[in-house]
Amino acid sequence: MTLSYQPLAARMRPDSIEHYVGQEHILGKDCPLSKALEAGHLHSMILWGPPGTGKTTLAYIIANSVDAHFISISAVLSGVKEIRGAIEQARQQASLSNRKTILFVDEVHRFNKSQQDAFLPFVEDGTVVFIGATTENPSFELNNALLSRARVYTLKSLNTEDIKQVLIKALATDEVLVNRRLFIAAENLELLAMLSDGDARRALNFLEILADLAETDGQKKSVSDKMIYAVATQGARRFDKGGDIFYEQISALHKSVRGSAVDAALYWLGRMLDGGCDPVYIARRLTRMASEDIGNADPRALQLALNAWDVQERLGSPEGELALAQAVLYLASAPKSNAVYKAFNAMKHDVKSLPSYEVPLHLRNAPTKLLKELGFGKEYQYAHDFDNAF
């Protein structure tokens with residue numbers, strides 16, 4: 001029976017690997033994870049990937065496939081108290097039914113060091129099999145001790161075909177949608193899948209909203225492309241201020257400018273602005289690019305970057321963003337040189353690694369008679385007294 005009060009994404013959650021869509025790179029026939037599940041062998045793991053790629057679903061499926069007791073806690077809402085409660089449940093399961101317990105921790109990167117340490121001993125002694133889900137790079141966010149005891153599996157954004165499979169199955173099997181006789185033409189289904197940005201949960205949420213907005217067309221309810229655009233383009237694209245995607249996108253912008261890839265540089269600027277990145281942060285990074293990658297090959301680049309920064313702070317959006325776009329295109333098109341950057345870094349290395357040499361006497365000023373007697377400024381040659389001031 002369909003629990004109609006549940007969101008569509010919850011109603012469509014698959015319960016077996018056969019119905020799971022995507023992630024063939026870790027669940028393919030000869031992949032280590034699929035082999036472990038076939039053999040009924042459990043190991044602790046961390047599922048790392050963007051939202052809507054099936055991390056929680058995969059954890060449920062793993063528990064079902066090996067008939068393990070499943071405990072789910074959220075690092076956003078839970079603390080050491082909840083971890084202790086989960087461990088007590090796991091011990092009861094082991095003593096009463098001899099069942100393994102999977103402790104699933106969603107958003108595990110939000111646990112601090114002491115919270116991560118709280119369940120580490122119970123992972124080590126086998127009280128629980130730990131499965132963590134995170135959207136952030138685990139090598140930065142999780143303790144080394146925990147990382148060493150869990151295998152990391154990287155989940156990828158779903159492609160358009162994967163999302164289409166999810167949507168087609170929902171239209172064909174979900175009782176609520178079937179009863180509404182919802183119809184979406186093939187080209188509009190393709191559009192909806194594309195605008196879902198690789199996120200299955202987002203796609204199903206869009207579909208659920210569209211089911212409410214659909215217009216009656218004879219015996220069925222139809223969804224137009226205008227409705228899809230209206231629903232699917234209201235929110236920002238995938239972006240997380242201060243998270244992995246944030247740094248990946250600024251890296252893509254910087255490397256596109258450095259590589260003189262004009263269209264790519266403009267695209268990544270657009271993605272960051274669309275995702276809600278502070279334009280002043282972008283302006284600051286463009287100023288860095290002007291010095292690091294262009295330098296004296298075109299000194300005007302630095303001034304243009306500063307001008308764009310000034311326009312952004314004075315006028316805001318959208319005028320400031322247009323100035324940023326102008327700067328990005330100029331920087332990407334400009335000749336490149338990292339000579340200043342390399343020389344500056346070499347100088348810093350020398351300053352740190354070599355002795356603190358004194359200033360040579362001939363380069364010192366001699367404002368007093370005593371300093372002159374000590375030889376300060378002696379033998380200094382004034383450049384302007386020579387041909388070409390050299």
Legend entry - Candidate list His254, Gln249, Lys255, test side chain to side chain donor-acceptor pair (under 3.5 Å), partner Ser251, passing option: Lys255

Legend entry - pair Val223-Leu192: side-chain heavy atoms closer than 4.5 Å: no

Legend entry - Met289: which of Ile294, Leu302, Leu253 passes side-chain contact (heavy atoms from CB on, under 4.5 Å): Leu253

Inset, instruction - Please name the pair of heavy atoms, one in Ser337 and one in Ala297, separated by the smallest distance, quoted to 0.1 Å. - result: CB-CB, 3.7 Å

Legend entry - Asn296 side chain near Val340 side chain, heavy-atom distance below 4.5 Å: yes

Legend entry - Derivation and outcome, salt bridge (charged side-chain N to carboxylate O under 4.0 Å, His left out), residues Asp212 and Arg180: CA-CA 9 Å; Asp212 294 330; Arg180 291 187 180 186; 2.7 Å; yes

Legend entry - Distance in Å, Asn137 CG paired with His109 NE2, rounded so as to fall on 0.5 Å steps: 11.0 Å

Legend entry - Derivation of the side-chain contact (heavy atoms from CB on, under 4.5 Å) call for Gln92 and His69: CA-CA 11 Å; Gln92 291 175 4; His69 180 58; over 6 Å; no

Inset, instruction - Kindly work out whether a path of hydrophobic side-chain contacts (I/L/V/M/F/W/Y, heavy atoms less than 4.5 Å apart) joins Leu324 to Val311. - result: no

Legend entry - Separation between CZ of Arg364 and CG of Leu371, rounded to the nearest 0.5 Å: 9.5 Å

Inset, instruction - Find out whether Lys378 and Leu361 are in side-chain contact, i.e. whether some heavy atom of one side chain is under 4.5 Å from a heavy atom of the other. - result: no

Inset, instruction - Please round to the nearest 0.5 Å and tell me the distance separating atom OG of Ser224 and atom CD1 of Ile184. - result: 10.0 Å

Inset, instruction - May I ask you to check whether over 12 heavy atoms, not counting those of Glu373, lie within 6.0 Å of atom CD? - result: yes

Legend entry - N-O pairing of Glu319 and Arg314 below 4.0 Å: no

Inset, instruction - Examine Leu204 and Val231 and state if one hydrophobic cluster contains both, with Ile, Leu, Val, Met, Phe, Trp and Tyr joined whenever side-chain heavy atoms are less than 4.5 Å apart. - result: yes

Legend entry - Check: Phe130 and Val105 side chains under 4.5 Å, non-hydrogen atoms: yes

Inset, instruction - For atom CZ of Phe70, decide whether the heavy atoms of other residues, nucleotides or ligands shown that lie under 6.0 angstrom number more than 12. - result: yes

Inset, instruction - Walk me through it: do Val66 and Lys100 pass the test side-chain contact (heavy atoms from CB on, under 4.5 Å)? - result: CA-CA 9 Å; Val66 295; Lys100 282 279 189 182; over 6 Å; no

Legend entry - Min side-chain heavy-atom separation Leu147-Pro138 under 4.5 Å: yes

Legend entry - Spacing of Thr287 atom OG1 and Gln303 atom CD [to the nearest 0.5 Å]: 10.0 Å

Legend entry - From Arg258, Arg288, Lys336, residue fulfilling side chain to side chain donor-acceptor pair (under 3.5 Å) relative to Asp293: Arg258

Legend entry - Within 6.0 Å of CG in Asn144, more than 12 heavy atoms from elsewhere: no

Inset, instruction - Any chance you could measure Thr101, atom OG1, to Gln89, atom CD, to the nearest 0.5 Å? - result: 8.0 Å

Inset, instruction - In sequence, state the C-alpha distance, the side-chain angles, and the governing distance for Arg13 and Thr57, and then conclude on side-chain hydrogen bond (donor to acceptor under 3.5 Å, both in side chains). - result: CA-CA 7 Å; Arg13 190 186 296 277; Thr57 297; 2.9 Å; yes

Inset, instruction - Just do the side-chain contact (heavy atoms from CB on, under 4.5 Å) check on Glu208 and Arg11 with the steps written out, would you? - result: CA-CA 11 Å; Glu208 194 164 29; Arg11 301 199 301 267; 3.7 Å; yes

Legend entry - 4.5 Å side-chain heavy-atom contact, Pro51 and Thr135: yes

Legend entry - Intermediate values then yes/no, side-chain contact (heavy atoms from CB on, under 4.5 Å), Leu171 and Leu189: CA-CA 11 Å; Leu171 288 167; Leu189 198 68; 3.9 Å; yes

Legend entry - Neighbour count >12 (heavy atoms, 6.0 Å) for atom CD, Glu379: no

Inset, instruction - Treat each ILVMFWY residue as a node, draw an edge where side-chain heavy atoms are under 4.5 Å apart, and state whether Val152 and Leu33 are in one component. - result: no

Inset, instruction - For the pair Arg271 and Glu248, find out whether any cationic side-chain nitrogen is under 4.0 Å from an anionic carboxylate oxygen. - result: no

Legend entry - Any side-chain heavy-atom pair of Asp310 and Leu306 under 4.5 Å: no

Inset, instruction - Scan side-chain atoms only and decide if Glu18 and Ser16 contain a donor-acceptor pair under the 3.5 Å cut-off. - result: yes

Legend entry - Test item: Asp174 side-chain N/O and Val176 main-chain N/O as donor-acceptor pair under 3.5 Å: yes

Legend entry - Linked, directly or transitively: Leu37 and Leu155 (ILVMFWY side chains, under 4.5 Å): yes

Legend entry - Side-chain ion pair, Lys164 and Glu161, N-O less than 4.0 Å: yes

Inset, instruction - Return yes when atom NZ of Lys156 has more than 12 non-hydrogen atoms of other residues, nucleotides or ligands closer than 6.0 Å, and no otherwise. - result: no

Inset, instruction - Return yes when atom CZ of Arg84 has more than 12 non-hydrogen atoms of other residues, nucleotides or ligands closer than 6.0 Å, and no otherwise. - result: no

Inset, instruction - With sequence neighbours left out, write down each residue that passes side-chain contact (heavy atoms from CB on, under 4.5 Å) with Leu304, or none if nothing qualifies. - result: Gln326, Tyr330

Inset, instruction - Nearest 0.5 Å please: distance from the CZ atom of Phe122 over to the CG atom of Leu103. - result: 11.0 Å

Inset, instruction - Check the hydrophobic clustering (I, L, V, M, F, W, Y; side-chain heavy atoms under 4.5 Å; chains of links allowed) and say if Phe104 and Val128 are grouped together. - result: no

Legend entry - Non-hydrogen side-chain atoms of Phe206 and Leu167 separated by less than 4.5 Å: no

Inset, instruction - Determine whether more than 12 heavy atoms belonging to other residues, nucleotides or ligands lie under 6.0 Å from atom CG of Asp263. - result: no

Legend entry - Residues, nucleotides or ligands: over 12 heavy atoms within 6.0 Å of Asn365 CG: no

